[in-house]
Amino acid sequence: MGIATLEPSLPLWMMDTMNAPKWQQGAAFLPASISYLIGTNLFGPLGHRMGRWLSTLVGLLMIGVCLILVSFF
C-alpha cells in the first residue's frame with residue numbers, strides 16, 4: 001500500500017522540483033523493489049514462527065514509520 005501511494009506521485013514531484021530525467025525517476029523505485037524482495041522472503045517464514053498476526057503487525061508498523069520518514073526528506 002505504501003508503494004501504491006508513492007508510485008503515481010513521486011515521479012511527478014521529481015519532475016516539478018528536481019527536473020529529474022526519466023532514468024532517475026525509475027531508479028527511485030529500485031530500493032523499494034529490493035526491499036520488497038527481502039520483505040517477502042523474510043516475513044513469510046517469520047509468519048510461521050511467530051504467528052501471522054504478529055508478523056503482520058510488525059510489517060505494518062515498519063511501513064507506517066517508513067512512510068512518515070519519507071515526508072521528512
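All values below come from the heavy atoms of this structure, side chains included, with hydrogens, waters and symmetry mates left out.
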I'd like a table of donor-acceptor pairs (distance under 3.5 Å, sequence neighbours excluded) in which one partner is a side-chain atom from residues 35-43, with atom names and distances.
{"from": "S35", "atom 1": "OG", "to": "P31", "atom 2": "O", "distance (Å)": "3.1"}
{"from": "S35", "atom 1": "OG", "to": "A32", "atom 2": "O", "distance (Å)": "2.9"}
{"from": "T40", "atom 1": "OG1", "to": "Y36", "atom 2": "O", "distance (Å)": "3.0"}
{"from": "T40", "atom 1": "OG1", "to": "L37", "atom 2": "O", "distance (Å)": "3.1"}
{"from": "N41", "atom 1": "ND2", "to": "L37", "atom 2": "O", "distance (Å)": "2.9"}

Side chains of residues 16-26: which donor-acceptor partners sit under 3.5 Å, not counting sequence neighbours?
{"from": "T17", "atom 1": "OG1", "to": "W13", "atom 2": "O", "distance (Å)": "2.7"}
{"from": "Q25", "atom 1": "NE2", "to": "A20", "atom 2": "O", "distance (Å)": "2.9"}

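Heavy-atom minimum distance, M50 versus L54: CE-CG, 3.4 Å.
When the options I68, L67, L69 are evaluated for a side chain to side chain contact (heavy atoms under 4.5 Å, CB included) with V65, the one that passes is L69.
Residues passing the side chain to side chain contact (heavy atoms under 4.5 Å, CB included) test with F29, sequence neighbours excluded: E7, L10, P11. Under the side chain to side chain contact (heavy atoms under 4.5 Å, CB included) criterion, V70 pairs with L6, sequence neighbours left out. Applying the side chain to side chain contact (heavy atoms under 4.5 Å, CB included) test to L61 and every residue at least two apart in sequence or in another chain returns L57.
L12 shares a hydrophobic cluster with M15; the chain of contacts runs through ILVMFWY side chains whose heavy atoms sit under 4.5 Å apart.
R49 contributes atom CZ, which lies 12.0 Å from atom OG of S55 (distance to the nearest 0.5 angstrom). In this structure, CD1 on I63 lies 8.0 Å from SG on C66, to the nearest 0.5 angstrom.
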